[in-house]
Amino acid sequence: MPRPGLWTSIRSGTTPPRLAAATSHVRTRNTLRLGRRHAVAVVAAILLAGGALTGTSAYAASRRSHGHAAHATTFTFGRQGSLLTRSFNPYNPNWVNFLSNTAMMQLAFQRPFDLLGYYPELASSITISGSMATGRHITVTLQRDQWTNGKPLTSADVFDSFLIEGAGGGNTIWIDLKNVTTPNAHEIVFTLLPGILADQVMPSIDTIIPVPASQYAHLLPASLKAELLADYRIYRKSPTNASSSTVGKAVAAVDKAVVAFSPARLISDGPYELHAINTSEILMSKWRGFWDASAFTIPTLKFTVLGSNNAVYPAMLSGAFDETLVGMPKLIVGQAEHTPHLTLFKNGDGTTVKGLFFNLRQYPFNMRGVRQAIAELINRQALVNDVWGQFRSGAGGAQVIKYPSPISPTIQAAYLTSTQVDRLNPYNYDPTAARKTLEGLGFKDSSGGWVMPNGKPFDVTIMAPSGWSGPDLASTYLGTLFNGIGIHAQVVEPQYEQFYSDLTGGNFDMIYFWTSCCEITNPLSELTLPLSDYNYSSPSEPGLGIGPVTTIPGIGRVNVSNAITREAAAVPIATKRFDKLVYDWVRWFNSALPVYDIGFQTAFSVYDTSRFTDWPPKGSPIFETQTQGSQGQEILAMQEGYIHAR
Amino acid sequence: MTRYIIRRLASALAVVYVVISISFFMIRLMPGNPMVALEEQLQLEGGLTMQEIQAKVSAIYALQPHAPLWQQYFTYVAHAFQGNLGQSVSDPGTSVVHIIAGALPWTIFAVSLSLLLSFALGVGIGSFMAAFQEHRSAKIVTLIVSFLGAVPNYLVAILLLYFLADLHHVFPLGGAYSASTTPGLNLPFLSSACVHAALPVAAYVITSFGGWALTMKGSATSVLGAEYVRAAQAWGLGRRRVTQSYVGRNAMLPMVTSLALSLGFMFGGSVFIETYFTYPGIGYYLIQSVTNRDYSLMMGCFLLITVAVVVSNMLVDLLYPLIDPRIQGPGKVQRVKVQSAAKDSGTLPQSGGLS
């Protein structure tokens, strides 16, 4: 709300009187024609100022009604992003992510750390039957929900959405699927392949966001289900053969048509419907056809989308948003911590493992001992403390990985026995041991710094993408650390595209970035990021330079990139073979250290208690729930009876 | 005259063609591609697993043109000269012309308003500074405008945003209008558009009127010392006549030329301000298209900027004789030469100064 004093000063100090005085003076000293021009300018300025003042007044009134009144009616989300290009099709790359789990709901929200637990959304229940030997049946029963075009939500909508997800390759359940049927308008039954655990596919079912068949069915040929099942049968044996097969091409054609589809309006089924959208704002109003509409007491949601994180920070700190999700460096986290009306909470979305990539084709990083020595030179706990920050509120969020591997600690605990974990090298901070290792390899610590065995100075370049505050601070920290011990380090931060090009092209010494991300069900999938996506993704892109063919103890001599991709896709989870593969890869990773994982970083959201109160308590599983669109936590909290206007 | 216009049009088309050709190949030398850019954006937005990000990236890859570059080039040039600038790479299904048509009114509104306001303010203040050169107030004003002219517009944008939008919530944080209004000829929308434009316009005006003022001061000062002004005063012409016809008109000539050229550059000159204020004009789309490696949209923006500059240059060339009789129209060149020769031989009467 504008302060009265400031408002008054703006009104009294408007441009027109000043300009008019100047113009009047000029007219007497110069020409009449100039004077006329100035008069036109004055009129224009008065019109603009008048419009602006009227608008400012309206804006102020709008802010009063939208959040600054005693009883707020609009809940405002602050986000970084762009709405310049937007699509109402969830499968289009320009899908407005902020509509996920506000206007378009998932079937269910999976409870954190509980694969079978869920908060019901569009699915009222999910039941498991049958045996693993013949294939489990998972039956999803739908709520009595209504689309905004008045039509009921049916199993046909979910079925079509599921086909689309399969065609796009975004839903992993298809790999484990034997069949999918719709026995009636309210049920859909997934039949899994023999040997597949229901636990492992539940997240894939929970996260389906149904789209209305009335809008999308025309894009899906009747043969699509059979083609998808056939396509994934081939995929399980060979991903390459699948994409070149006849059914693979047919599926790809459907995907292409779906992606390019641009519906004129959004037909939604969530608690809020789209009211208006422009290039910087989204307004949503409550949809009374939602099955649980009575749980929602806030009539309007608003998203303010700004172009950069730096634009979001001051707005967040000044109380412009009721909830903000944005990447924050330590400085901003500290400011948020010390702002009385703001509270940080750990957000279930956006958890990443951060670490160092080494270029194994680059001397001296092709020597395992050098990589291990560098690991021991880094005090990971100090780095996490100094760069990622420790939060006064105890919100958590940064945690050193005890046994470096790209698999997050939670997954390590789930798939490795304690004996297996204890066999891994923790790479504790030990500069003396690191020095001995380097000297053993022929390095010398001279007065001018370390010299490599080939007689050249030990110079390293640490690369991180520019504009990513975390990697920026950490790489600078590491650069200072190395320089302090006589390893000449230079930090370079190219734009992301150049960074990515250098990473995949193998044009670097060391990179600080995220080494794995987000995957919570399949540890082998986590390994595909460093071993396949960033490593020999094509013959001309050596990336990290691991292999391409190398010997992995317990697995044998394999093409690393191909092997991990195939195994992540085809080996059934929760089998002895799968567990052995996980251990073999982790053991090799921990020993060979092509990637040195430093810590596990959780994303933070910030909520503001100025206008809305009764937030879930800290540590609530609601905040840790992973949702599509990164505002599902707030929607879930509202639905669970939290968050009310003051 | 007709031949001259045709020649100018042909050279303008040649310039546009060269710019299109160079831009087409240059922008593809940039590192990365639309898929990498999308991946980064989705990673930064959060809320998606790596697998979901990969699925979206694969989806956009399927929609990319995969023909050889030279083939894409000839297709593009052929289509561009028919007004078809292709489909946006990052926004499948939307034509570049459609995107530009949506962005153009905002740029024209905000930047042309800023330009005209800063021009009017600059001319006024510049005239004042020239007229009262020795006065202390003029010296102070000169100091202020010199300072403001040297401050980068993005710095002023940040300060305005911080104090008036972030800290005190007097103005909105960004955008062109409130989503709660309905675009059209209605008061809530128009006032919302004005208040959203206020800070971008202010940032532009604050940092650019100084340049106009200094130019105007320089121009007016040089005219004040011209012989024909002194001659007019010596002939006893009235003060108004001297200031209006001899000083004012001549001092304004370079200003009008600069203004016309600035109008041509305005589409490309709004990049920083539009980006900082998330103002959806051409400049903001241009930055987004570069970030997203949206080659088609980038080309569209470059083309628009090029055409605007070329057209404004051409218009200045063609219209200048109308405001400055010393510069004859192309068709009159021959006649002027004849007149000049006659004047030299004493067959035509001499005219003093300008009329």
Side-chain angles (χ1 to χ4, degrees), chain A residues 2-3 6 19 22-23 25-26 29-34 38 41 45 48 51-52 54-56 58-59 62-63 81-82 84-85 93-94 97 168-170 256 259-260 262 276-281 283 304 306-307 314-315 318 325 349-350 496-498 500-501 517-519 529 603 628-630, chain B residues 30-32 36-38 40 44-47 49-52 55-56 58-60 62-63 88 90-93 113 116-117 120-121 124-125 127-128 131 162 166-180 188 190-192 194-195 198 243-244 247-248 275 278 280 285 288 293:
Chain A
R3 293 182 182 175
L6 184 71
L19 194 63
T23 310
H25 186 77
V26 169
R29 307 298 297 178
N30 284 300
T31 68
L32 188 60
R33 187 162 297 185
L34 273 179
H38 286 185
L48 175 71
T54 313
T56 308
Y59 173 69
S62 123
R63 282 206 54 85
S82 169
L84 285 185
T85 54
N94 285 292
N97 215 14
K256 193 172 174 178
V259 169
S262 182
I277 183 167
N278 65 19
T279 54
S280 60
E281 285 179 353
L283 274 183
T304 299
L306 300 174
S318 71
L325 174 61
D349 295 315
Y496 184 82
E497 285 72 16
Q498 183 64 53
Y500 189 86
S501 169
C517 158
C518 317
E519 181 60 56
L529 184 76
Q628 292 210 42
S630 68
Chain B
M30 293 163 70
V36 174
L38 178 66
E40 183 195 21
L44 283 171
E45 274 184 18
T49 67
M50 202 62 190
Q51 200 158 33
E52 289 161 348
K56 285 188 183 291
S58 306
I60 201 169
L63 298 172
S88 163
S90 62
D91 191 6
L113 190 61
L116 293 175
L117 279 178
L121 201 59
I125 292 172
S127 306
F128 167 77
Y162 181 69
D166 290 329
L167 217 54
H168 295 295
H169 304 162
V170 178
F171 289 97
L173 293 163
Y177 62 94
S178 167
S180 59
L190 294 175
S191 60
S192 176
C194 281
V195 78
T243 52
Q244 182 179 332
V247 179
T275 303
T278 325
Y285 275 96
Q288 285 295 316
R293 298 295 188 268

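Each chain gets a letter, A, B and so on, in the order its sequence line appears, and its residues count up from 1. Small disclaimer: the values here were computed from a predicted structure and weren't measured. Side chains included, hydrogens not; waters and symmetry mates left out as well; all remaining heavy atoms used.
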Contact summary for A:Ser280 and B:Gly174, nearest pair of heavy atoms: OG-O, 3.8 Å
B:Asp166 side-chain N/O to A:Ser318 backbone N/O, donor-acceptor pair under 3.5 Å: no
Those residues that, when tested against A:Thr279, pass side-chain contact (heavy atoms from CB on, under 4.5 Å) (two or more places apart): A:Leu84, A:Arg86, B:Pro280, B:Tyr285
Heavy-atom donor-acceptor pair, A:Glu281 side chain to B:Ala179 backbone, under 3.5 Å: yes
Region of A:Ser262 in contact with chain B, defined by heavy-atom distances below 4.5 Å: neither
With sequence neighbours excluded, residues passing side chain to side chain donor-acceptor pair (under 3.5 Å) with B:Thr278: none
